[in-house]
Amino acid sequence: MSEIIQIPKSIWIITQDSPTPSTSPDTPTESQTHRVAVPAHKMQQNMSQFLLVIGDVFLQAEQQAFQMQQASGNSQKSPMQLDQVELSVRINGNGEVSLCSDNFDHGTIKLTFKRRKT
């Protein structure tokens, strides 16, 4: 007998507060984690919007590369094609989705290419 699985009404996000400044160089800074319930529909909406933007970025880049290739008179396909995209995202306690990296200075997008089969 198959069981019907319902989508939960909220999803738990674990957030980390900024470290508490230390008064002494010998005392380590402390940060606290909290669990925050984010409405599932808000999380779905934010993730969908994020992925729409990222998808549009790659679609435009692909179209521009094709136009540049046509303008140069090169009608052959590129020997390489994009195979995989890996994104690092951060989800905050409000369910907002952001592109991030380990040091938070800039976003990280990892692109993996493979050779086209001839």
Side-chain angles (χ1 to χ4, degrees):
M1 190 178 224
S2 65
E3 185 178 329
I4 297 174
I5 299 174
Q6 294 183 356
I7 297 175
K9 294 189 185 318
S10 63
I11 185 168
W12 288 98
I13 305 291
I14 298 174
T15 64
Q16 185 169 357
D17 291 341
S18 300
T20 306
S22 171
T23 56
S24 165
D26 298 332
T27 308
T29 59
E30 292 184 21
S31 60
Q32 295 182 347
T33 58
H34 302 280
R35 288 180 53 184
V36 179
V38 175
H41 68 65
K42 187 173 184 180
M43 178 71 190
Q44 290 170 325
Q45 180 182 10
N46 290 341
M47 184 62 78
S48 293
Q49 289 173 347
F50 176 81
L51 292 173
L52 279 171
V53 171
I54 294 297
D56 190 53
V57 166
F58 286 106
L59 179 61
Q60 287 183 20
E62 185 178 78
Q63 289 172 346
Q64 185 176 7
F66 179 74
Q67 290 170 355
M68 290 173 60
Q69 188 174 353
Q70 293 292 330
S72 70
N74 185 353
S75 62
Q76 295 181 350
K77 287 186 177 179
S78 170
M80 303 294 281
Q81 71 183 41
L82 183 61
D83 184 50
Q84 183 176 340
V85 177
E86 183 177 317
L87 302 172
S88 296
V89 298
R90 175 170 291 256
I91 303 167
N92 69 15
N94 296 322
E96 297 167 343
V97 181
S98 304
L99 183 63
C100 70
S101 67
D102 290 337
N103 60 11
F104 305 115
D105 289 338
H106 54 278
T108 300
I109 300 176
K110 179 181 176 182
L111 306 175
T112 304
F113 291 86
K114 69 177 184 180
R115 293 191 185 277
R116 282 191 191 271
K117 295 180 181 178
T118 55

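Just so it is clear, the model here is predicted, and its values are computed rather than measured.
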Can you list every pair that meets side-chain hydrogen bond (donor to acceptor under 3.5 Å, both in side chains) and has a residue in residues 46-60, with sequence neighbours left out? Asp56-Gln60
Hphob cluster co-occupancy, Val89 + Phe58, side-chain heavy atoms under 4.5 angstrom: yes
Check whether Val53 and Val85 end up in the same hydrophobic cluster, where Ile, Leu, Val, Met, Phe, Trp and Tyr are linked by side-chain heavy atoms less than 4.5 Å apart. no
Is the count of non-hydrogen atoms from other residues, nucleotides or ligands lying under 6.0 Å from Ile14 atom CD1 greater than 12?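 No, not enclosed.
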Should we count CG of Leu59 as having more than 12 external heavy atoms under 6.0 Å? yes
Look at the side chain of Asn92 and the backbone N and O of Asn94, then say whether any donor-acceptor pair between them is shorter than 3.5 Å. yes
Output the distance between atom NZ (Lys9) and atom NE2 (His41), rounded to the nearest 0.5 Å.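 Result: 10.0 Å between the selected atoms.
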Rounded to the nearest 0.5 Å, what separates atom CD1 in Ile11 from atom CD in Gln44?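 Going from the CD1 atom of Ile11 to the CD atom of Gln44 covers 9.0 Å.
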State, to 0.1 Å, how close Ala40 and Pro8 come at their nearest heavy-atom pair, and which atoms those are. CB-O, 3.2 Å
Do Ile91 and Met43 come close enough that some side-chain heavy atom pair is under 4.5 Å?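 Answer yes - side chains close enough.
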